[in-house]
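Remarks on the structure that follows.
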Amino acid sequence: MAKKALLTGVTGQDGSYLAEFLLSKGYEVHGIIRRASTFNTKRVDHIIVDHHDPNARFFFYYGDLSDSEQISNIIYNVKPDEIYHLGAQSHVKVSFEMPEYTGNVTALGTTRILEAIRRSGTEVRFYQASSSEMFGSSPPPQNEETPFKPRSPYACAKVYACLMAINYREGCDIFACNGMLFNHESPRRGEIFVTRKITRAIADILAKKQEKLYLGNLESKRDWGYAPEYVEMMWKMLQNAKSEDFVIGTGESHTVREFVEEAFSYADLNWEDYVEIDSMYFRPTEPETLIADASKAKEKLGWNPKIIFKDLVKIMTDADMKARGLEPIGEGDEIVEKKFPNRWWGVD
């Protein structure tokens with residue numbers, strides 16, 4: 001029988017790619033989504049099949065990470081072999097404005113799932129989406145042994161969730177892995193995240209729909225990779241004989257300014273003509289430099305990223321130009337076709 005996977009955050013960037021990847025592996029995929037008055041399934045619409053279809057392998061359930069009873073009911077009814085917990089209030093800047101909500105969903109949501117697994121008494125493999133933000137002000141490069149020094153309510157919540165996964169692993173004999181993923185982007189990245197905000201603005205500027213792009217701290221340094229490659233590592237972590245934690249990243253770090261310069265230059269625009277700094281986008285505290293030391297993942301999981309910084313910028317810029325009805329420059333599409341000739345994901 002096909003394995004069953006349950007995904008929280010299935011309609012997000014990572015959840016949509018992971019759902020496609022698992023379907024390509026023959027899984028039956030079950031996703032939890034929040035109820036809304038409008039459809040919020042845009043990223044997975046292309047893989048949705050009517051549940052009346054006898055061949056359907058992708059199913060939705062309404063739920064919320066703040067509702068432990070509903071979470072328990074879904075786990076009990078689905079009886080998954082693997083749970084990938086990707087759902088969270090994941091925007092760092094928003095976490096300063098909504099710290100209590102961020103803690104309730106991002107931190108306690110993990111505890112609710114782990115406790116449901118413990119009470120079920122079944123052998124479920126659990127993936128916790130941890131974050132490079134947990135390392136905060138610890139000097140780079142950061143690996144699995146680097147101390148956590150979080151610099152935002154979001155990062156604090158992720159540290160709590162990470163440590164709870166470790167505690168349930170050690171105290172309750174649950175197969176639980178933390179994927180400490182550094183920034184990973186794609187054309188499916190949410191529009192309020194800085195990389196997508198930049199590439200989307202370029203398309204809007206070219207389409208005469210926008211005149212200025214307002215940003216915050218241009219000097220923050222991040223390790224940016226390509227999301228489809230990262231979700232494969234989530235799966236590999238749960239296929240291990242032993243449950244353990246892994247850092248995933250490219251090992252390269254670039255400033256937000258570099259991302260802006262590279263993206264505008266690719267579109268043949270002078271970024272200084274369009275970008276302005278707005279203090280409202282600065283965070284009270286944040287990590288200055290995050291660089292992954294993914295040596296362990298390279299050794300044990302075969303991690304070897306194909307897409308690094310400049311390729312990523314081109315892929316995202318081309319995708320947003322196409323989304324605006326513009327003719328893409330095309331290098332991004334060529335990169336994807338060349339490096340992933342048998343890619344398992346579909347529409348971006």
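Along the sequence shown, residues are numbered consecutively beginning with 1.
Under the 4.5 Å side-chain heavy-atom criterion for ILVMFWY residues, a single connected hydrophobic cluster contains both Tyr101 and Leu65. Under the 4.5 Å side-chain heavy-atom criterion for ILVMFWY residues, no single connected hydrophobic cluster contains both Tyr84 and Ile113. Note on Leu6 and Val10: separate hydrophobic clusters, where clusters join Ile, Leu, Val, Met, Phe, Trp and Tyr whose side-chain heavy atoms are under 4.5 Å apart, directly or indirectly. If you chain together hydrophobic residues whose side chains sit under 4.5 Å apart, Val256 and Ile277 fall into the same group.
When side chains are defined from C-beta on, Ile335 counts as touching Ile315, because their heavy atoms get closer than 4.5 Å. Side-chain contact between Asp223 and Ser132 is absent, with no heavy atoms from C-beta onward closer than 4.5 Å. The side-chain heavy atoms of Tyr61 and Val78, taken from C-beta on, include a pair separated by under 4.5 Å. Glu145 has its side chain out of reach of Asp293: every pair of non-hydrogen atoms, C-beta onward, lies at least 4.5 Å apart. Asp348 is not listed as a side-chain neighbour of Val336, based on a closest heavy-atom distance of 4.5 Å or more.
Classification of the Tyr226-Trp345 ring pair by plane angle, with boundaries at 30° and 60°, yields perpendicular. Between Trp235 and Phe21, the ring planes lie perpendicular to each other; the angle is over 60°, past the 30° to 60° tilted range. Using cut-offs of 30° and 60° for the angle between ring planes, the Trp224 and Phe259 rings count as perpendicular.
A salt bridge links Glu97 with Lys93; the closest basic N to acidic carboxylate O contact falls under 4.0 Å. Lys306 has no carboxylate O lying under 4.0 Å from a charged side-chain N of Glu229, or vice versa, which leaves the two without a salt bridge. Using a cut-off of 4.0 Å between Lys/Arg side-chain N and Asp/Glu carboxylate O, Lys310 and Glu331 are scored as not salt-bridged. Asp278 and Lys212 are not joined by a salt bridge, as no carboxylate oxygen comes within less than 4.0 angstrom of a charged side-chain nitrogen. Arg196 and Asp320 are joined by a salt bridge, as a carboxylate oxygen and a charged side-chain nitrogen come within less than 4.0 angstrom of each other. Ion pairing between Arg118 and Glu115 holds under the 4.0 Å rule for side-chain N and carboxylate O.
In this structure, a donor-acceptor pair under 3.5 Å is absent between the side chains of Tyr17 and Glu232. Side-chain atoms of Thr102 and Gln89 form a donor-acceptor pair, as typed in the model, at a separation below 3.5 Å. For the residue pair His46 / Glu20, a side-chain donor-acceptor distance below 3.5 Å is found, with atom types taken as modelled. In this structure, a donor-acceptor pair under 3.5 Å is absent between the side chains of Arg283 and Ser152.
No cation-pi contact links Lys236 to Phe246, judged by a cut-off of 6.0 Å to the six-membered ring centre and 45° from its axis.
Side chain of Ser138 to backbone of Pro147: a donor-acceptor contact under 3.5 angstrom is found. Side-chain N or O atoms of Arg35 include none that pairs as donor or acceptor with a backbone N or O of Tyr62 at under 3.5 Å. A donor-acceptor pair is defined here as one N or O able to donate and one able to accept, closer than 3.5 Å; no such pair exists between the side chain of Ser137 and the backbone of Pro287. Judged by distance alone, with hydrogens and angles left aside, the side-chain atoms of Asp245 form a donor-acceptor pair with the main-chain N or O of Asn178 at under 3.5 Å.
Counting heavy-atom neighbours within 6.0 Å of Glu219 CD, excluding the residue itself, gives a total above 12. Around CD of Glu100, the count of heavy atoms belonging to other residues, nucleotides or ligands within 6.0 Å does not exceed 12. Other residues, nucleotides and ligands contribute over 12 non-hydrogen atoms within 6.0 Å of the CZ atom of Arg343. Within a 6.0 Å sphere centred on CD1 of Ile308, heavy atoms belonging to other residues, nucleotides or ligands number 12 at most. With a 6.0 Å radius and a threshold of 12 heavy atoms from other residues, nucleotides or ligands, Glu191 has its CD atom above the threshold.
Here Cys156 pairs with Pro150 under the side chain to side chain contact (heavy atoms under 4.5 Å, CB included) rule; sequence neighbours left out.
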Check against side chain to side chain donor-acceptor pair (under 3.5 Å), Ser186 and Gln13: CA-CA 8 Å; Ser186 76; Gln13 170 189 254; 2.8 Å; yes
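In this structure, the ring of Phe175 has its center no less than 6.0 angstrom from the ring center of Phe126.
Atom CD in Glu262 sits 11.0 Å away from atom OG1 in Thr255 (nearest 0.5 Å). The line from CD of Glu28 to CZ of Arg57 is 8.5 Å long, rounded to the nearest 0.5 Å.
Screening residues 65-79 for side chain to side chain donor-acceptor pair (under 3.5 Å) gives Asp64-Ser66 as the qualifying pairs, with residues at least two apart or on separate chains.
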